[in-house]
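Source: prediction; values computed, not measured. In each ligand, atom 1 is the first atom listed, and ligand 1 is the first ligand listed.
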Amino acid sequence: MVPNDDQRALQEMARRFSRERLLPDYQKREKIGLMDRELIKEMGQLGLLGVDLPERLGGLGVDSVTSGLIIEELAYGDFSISAVPMAISLLAGIVVKSARSEVVDEWVPRATRGECILGLCLTEPRGGSDVANLQVRARRDGDDYVLNGEKTSITFANCADAFVVFARTGRPEEGARGVTAFLVPAATPGIRCTRFDDVGAAIIERGSVFFDDVRIPARYRLGDEGKGFTQVMVGFDYSRALIVLQCVGAAQASLDEAWAYTKDREAFGRPIAQFQNVTSPLVEGETQIAAIRQLCYHTLALRDSGLPHTAEAAMVKWMGPKTAYDVIHHCLLTFGHYGFTKETAHQQRMRDVMGQEIGDGTAGIMKLIVARERVGRASVQCHAQG
Ligand SMILES: Cc1cc2nc3c(=O)[nH]c(=O)nc-3n(C[C@H](O)[C@H](O)[C@H](O)COP(=O)(O)OP(=O)(O)OC[C@H]3O[C@@H](n4cnc5c(N)ncnc54)[C@H](O)[C@@H]3O)c2cc1C
């Protein structure tokens, strides 16, 4: 994939913002452990949020490939900050497609301006892979729905302004067909959040979201009753490619830093760049990341052309985060003992990308999806995420 002139201009803007505003304080933000709302607003002012959404809602009306280019650049500077535009593209995209127009007008422009963070509430304590069997209930009561239950492992649990929540409106035996999606403002009475002490990606403030008789107007339902599952699964084909581009951006940052170090650091009287055992793992990493990047953009290009891309999204999702983790690890080793200190950012990037070996569906589940796409649903039973 070679970006065209328009895509290159946006990519360049994102690159400049990422390197000047995000990268310098990437490690400082982890210590603070909170999402930096001012940075999100700056991204909104620059037009970097929800670029694939319609212009009348504050987007740029561009394709998913362009969205990927921007998210990759932002992840170079800060993996976790780039999760915000990723979530907006996924979730505001679902809202635009499925919500009533007044709900779209109320929430989506706020998201593209950087004034509203959106979270996805799908996973439940009893398991995230078998997501069709979710148990959080939404009971119709006059003009409202009343939500009860717990969602867990929710990115932005403690900083989101609204959640896209998947809840059961039908009977448990209906499985995926009994699931409906809702937009739920985070300030609605009856919502309580707890926070996890995570290994990485501290600023996404992941945690559980509890719904205790949470009453929301029926107009906040997204699409028809029972259609929620299809909505999120189509969305996952998109978000998986975007998430892997986040991993690609982070790995590229570590590779660039490692190459620079090999030119400066000397051993045995010469720069370590002259030792093939030093450069070979970096060359392999560059190659693997370049290949994964291309599969991501191929997946997005298929989406932009209206062609099926479920298998490609799952392929790149099982391979990408793990490869990025391994590549960053090699970069860390290139720095010798310095790499093992917190002076370099490699250890933080490793911990950050590791979460995406699990988030949005594990490698095991991704492989089930690819197999199902090849041999058919009847041969591979899998209602799991994807
Ligand atoms: C950083 C991060 C961010 C996340 N953000 C969100 C979010 O914003 N919203 C949200 O709803 N969820 C989120 N999640 C949750 C994530 O989607 C789930 O953790 C994931 O789907 C797996 O579910 P589980 O953790 O319950 O594992 P389980 O489903 O309990 O699975 C446990 C293990 O068994 C394996 N396994 C299970 N079933 C099968 C099978 N049929 N075949 C092969 N292997 C199988 C899995 O691969 C896994 O290794 C996030 C998770 C992380 C780590």
Do [X] and [Y] form a cation-pi contact, if we require the NZ or CZ to be under 6.0 Å from the six-membered ring centre and within 45 degrees of the ring's axis?
| X | Y | value |
| --- | --- | --- |
| Arg265 | Tyr261 | no |
| Arg221 | Phe182 | no |
| Arg349 | Phe79 | no |

Review point. With a 3.5 Å cut-off and no angle check, do the side chains of Glu106 and Tyr220 form a donor-acceptor pair?
Key: yes
Point to revise | Check: Arg206/Thr155 side-chain N/O donor and acceptor closer than 3.5 Å | key: no
So, is [X] polar-close to ligand 1, with some N/O to N/O distance under 3.5 Å?
| X | answer |
| --- | --- |
| Asp130 | no |
| Ser153 | yes |
| Gly127 | no |
| Thr362 | yes |
| Arg206 | no |
| Leu120 | yes |

Practice item. Out of Val165, Ile358, Leu368, Thr152, indicate the one that has the non-hydrogen atom closest to atom 19 (O) of ligand 1. Key: Ile358
Study note, to complete from the structure: Only residue of Glu286, Glu72, Glu73 satisfying salt bridge (charged side-chain N to carboxylate O under 4.0 Å, His left out) with Arg293 is Glu72
Check your understanding: With atoms numbered from 1 as shown, which atoms in ligand 1 lie under 4.0 angstrom from a non-hydrogen atom of Asp360?
Key -> 17 (O)
